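Data first, discussion second: the structure below is written as structure tokens.
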Amino acid sequence: MYKLLLIQPNDRESAGMETRTALVTGGAGFMGSWLVDELLKRGHQVVSADNLLGGSERNVNRDCKFVKADMRIRDRVSEVVKGVDVIFHLAAYAAEGQSFFSPVAINEINIVPMNNLLVEAINNGVESFVFTSSMAVYGAQKPPFREDLPREPEDPYGAAKAYCETMLEIFARTYGLHYTILRPHNVYGPRQNTADPYRNVLGIWINRILRNKPPLIYGRGNQTRAFSYVEDVTPAIANAAFHEKANGQIINVGSDEVTSINDACQGLLDIMGSGLRPMYEAARPGEVNQAYCTVRKSMDVLDYKTTHTLKQGLSKMVKWARDLGPQEPSYTLPLEITRKAPRVWVDKLM
Ligand SMILES: NC(=O)c1ccc[n+]([C@@H]2O[C@H](COP(=O)([O-])OP(=O)(O)OC[C@H]3O[C@@H](n4cnc5c(N)ncnc54)[C@H](O)[C@@H]3O)[C@@H](O)[C@H]2O)c1
């Protein structure tokens, strides 16, 4: 049924010669732009579609076909899906903490594109669909989160991702689409949007330190995360569309180096040679305290490998951020609810 050349572990090298036309939505964003680079490096043709809400033209690889397009608009989706063999759907607004306070906008951005892309994928005979979901779908269950745990999101962002996962499963079952649901966790590295005050804690801290402001910690800082370096994560995302074993699978992607927020913050201050001390703010409503995943499946199915410790990855990110320079905070999506929202967001103190 599939035109796609599916790759078995022992014939990857020869099969890897076969190339495809891939659409990367969110291709001007952080992970999307690294994925575009990776696919081009492997000889694939790449169409990158992005509305530049959170991404930047400076991330766009000149060797891809870049289309400035909003995936909420059906006609634009129809246009970019034409002639495409494989879809990597990364476009999103990944502000988990903010999603309690801007649920209308965040749900629209995260849900509407998925439906548009699924319809166009089916109508255009797309071979393979890879979706970057999030470990937010696990909610507050006991870590490490295993892929077979039920979806129990605790916030609107996680709920939107859970909806998209379910829609992809329904469409794949009905129309026979090759698909993979990936759940990357706490990805960081060069090209992350450091101007956004609502998301990606390491980027927010780096930008504040560059502006000589203390890094903010919500709550006591004993939350745990496994930060994952982007150049480790993107090859695994690229493999998902082409490895037969990945078909129909849900796979966590990222590091198993579990770090507390306090330790990550101090480590960053040390790397940046800063004498600033963290500033503690009230805990954010609904923030999951302990969140990290099992990683075995990504190693077996997607050849995922952690090659950067947090210290190594952060050093690369800091170097990049220093070259870029301090960024003026950009409050991308307005708060729709201010009750219970962090005061630094309501009063725009970032
Ligand atoms: N960074 C992480 O830690 C992480 C973890 C788990 C999952 N994810 C998921 O991975 C994907 C990429 O995340 P990222 O960190 O690179 O975020 P990002 O914001 O850097 O990239 C997302 C891109 O999508 C674009 N976009 C948003 N809405 C769009 C629309 N309607 N039409 C077209 N383009 C649109 C943005 O402009 C941006 O360039 C997202 O789906 C995110 O939910 C990220």
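Note that ligands are numbered from 1 as they come in the structure, with each ligand's atoms numbered from 1 the same way. As the structure is a prediction and not an experimental result, all values here were calculated from the model.
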Checklist outcome for this item: Closest to atom 4 (C) of ligand 1 among protein heavy atoms sits Met31 SD, 4.0 Å
Next on the checklist: Apply side-chain contact (heavy atoms from CB on, under 4.5 Å) to residues Glu165 and Arg151 and explain how you reach the verdict.
Outcome noted: CA-CA 10 Å; Glu165 288 190 359; Arg151 297 176 185 116; 2.6 Å; yes
Checklist entry - Going by heavy atoms, is Gly27 under 4.0 Å from ligand 1? => result no
Checklist outcome for this item: atom 31 (N) of ligand 1: closest protein heavy atom, distance to 0.1 Å, is Asp70 OD1, 2.8 Å
Checklist entry - Do you know which of Asn116, Asp70, Val67 makes side chain to side chain contact (heavy atoms under 4.5 Å, CB included) with Arg76? => result Val67
Checklist entry - What's the spacing between Tyr292 OH and Phe227 CZ if we round to 0.5 Å? => result 14.0 Å
Checklist outcome for this item: Of Ala92, Ser133, Ser134, Ser228, the residue with the heavy atom nearest atom 8 (N) of ligand 1 is Ser133
Checklist entry - Applying a strict 4.0 Å limit to heavy atoms, is Asn193 in contact with ligand 1? => result no
Item to check | Option set Arg191, Arg225, Arg199, criterion heavy-atom distance to atom 19 (O) of ligand 1, minimum | outcome: Arg199
Checklist entry - Is Arg284 close enough and on-axis enough to Tyr218, meaning under 6.0 Å and within 45°, for cation-pi? => result yes
Next on the checklist: Using 0.5 Å steps for rounding, measure from the CG atom of Leu333 to the CD atom of Gln98.
Outcome noted: 5.5 Å
Item to check | Proximal atoms of ligand 1 relative to Gly29 (non-hydrogen, under 4.0 Å) | outcome: 20 (O), 21 (O), 38 (C), 39 (O)
Checklist entry - Roughly how far apart are Arg183 CZ and Asn252 CG, rounded to 0.5 Å? => result 6.5 Å
Checklist entry - Say you draw a straight line from CZ of Phe88 to CD1 of Ile237; how long is it, rounded to the nearest 0.5 Å? => result 8.5 Å
Checklist entry - When you measure from atom 28 (N) of ligand 1 to each heavy atom in Asn200, Leu182, Ile109, which option holds the nearest one? => result Ile109
Item to check | Ligand-side contact atoms (ligand 1) for residue partner Gly55, heavy atom cut-off under 4.0 Å | outcome: 36 (C), 37 (O), 38 (C), 39 (O)
Checklist entry - Evaluating non-hydrogen atoms only, which member of Val60, Val187, Val77 is closest to atom 2 (C) of ligand 1? => result Val187
Next on the checklist: Within the supplied structure, the quantity of interest is the number of heavy atoms (other residues, nucleotides, ligands) at a distance under 6.0 Å from Gln45 CD; does it exceed 12?
Outcome noted: no
Item to check | ligand 1 atoms in contact with Asn186 (distance to a heavy atom under 4.0 Å) | outcome: 3 (O)
Next on the checklist: For a quick check under 3.5 Å, do Thr224 and Gln290 share a side-chain donor-acceptor pair by atom type?
Outcome noted: yes
Checklist entry - Of all the atoms in ligand 1, which lie at a distance below 4.0 Å from a heavy atom belonging to Ala69? => result 32 (N), 33 (C)
Checklist entry - Are Asn115 and Tyr163 close enough that a side-chain donor and a side-chain acceptor fall under 3.5 Å? => result yes
Next on the checklist: For atom 15 (O) of ligand 1, what's the nearest protein heavy-atom neighbour? Residue, atom name and distance, please.
Outcome noted: Phe30 CD2, 3.6 Å
Checklist entry - Just by distance, with hydrogens left out, do Lys297 and Gln249 show a side-chain donor and acceptor under 3.5 Å apart? => result yes
Checklist entry - Closest non-hydrogen protein atom to atom 5 (C) of ligand 1, residue and atom name please, with distance? => result Pro184 O, 3.6 Å
Item to check | Leu52: numbered ligand 1 atoms lying under 4.0 Å from its heavy atoms | outcome: 37 (O)
Next on the checklist: With heavy-atom distances below 4.0 Å as the criterion, list the atoms of ligand 1 near Ala94.
Outcome noted: 42 (C), 43 (O)
Item to check | Row check, Tyr331 ring normal vs Lys348 NZ/CZ: under 6.0 Å, within 45° | outcome: yes
Checklist outcome for this item: Leu53 heavy atoms within 4.0 Å reach ligand 1 at atoms 37 (O)
Next on the checklist: Could you identify the single nearest non-hydrogen protein atom to atom 10 (O) of ligand 1 and state the distance to 0.1 Å?
Outcome noted: Thr132 OG1, 3.5 Å
Next on the checklist: With a heavy-atom distance limit of 4.0 Å, tell me whether Phe227 approaches ligand 1 through its side chain, its backbone, both, or neither.
Outcome noted: neither
Checklist entry - Using heavy atoms and a threshold below 4.0 Å, how should the contact between Ala28 and ligand 1 be classified: side chain, backbone, both, or neither? => result backbone
Next on the checklist: So for Lys161, does at least one of its heavy atoms come nearer than 4.0 angstrom to any atom of ligand 1?
Outcome noted: yes
Next on the checklist: Using a 4.0 Å cutoff against the non-hydrogen atoms of Met71, which atoms of ligand 1 qualify?
Outcome noted: 30 (C), 31 (N), 32 (N), 33 (C)
Item to check | Axial cation check for Trp34 ring with Arg191, 6.0 Å and 45° limits | outcome: yes
Item to check | Closest candidate by heavy atom, reference atom 37 (O) of ligand 1, pool Val67, Asp50, Thr25 | outcome: Asp50
Checklist entry - Tyr188: heavy atom below 4.0 Å from ligand 1, yes or no? => result no
Item to check | Over 12 foreign heavy atoms within 6.0 Å of CZ, Arg220 | outcome: no
Checklist entry - Of all the non-hydrogen atoms in the protein, which one sits nearest to atom 43 (O) of ligand 1, and at what distance? => result Tyr157 OH, 2.7 Å
Checklist entry - Which residue holds the protein heavy atom closest to atom 35 (C) of ligand 1, what is that atom called, and what is the gap in Å? => result Asn51 OD1, 3.0 Å
Item to check | Pair Asn200-Gln192, side-chain donor/acceptor within less than 3.5 Å | outcome: yes
Checklist entry - To the nearest 0.1 Å, how far is atom 40 (C) of ligand 1 from its closest protein heavy atom, and which atom is that? => result Leu90 O, 3.0 Å
Checklist entry - Picking from Cys293, Ser298, Pro184, what satisfies side chain to side chain contact (heavy atoms under 4.5 Å, CB included) with Ile251? => result Ser298
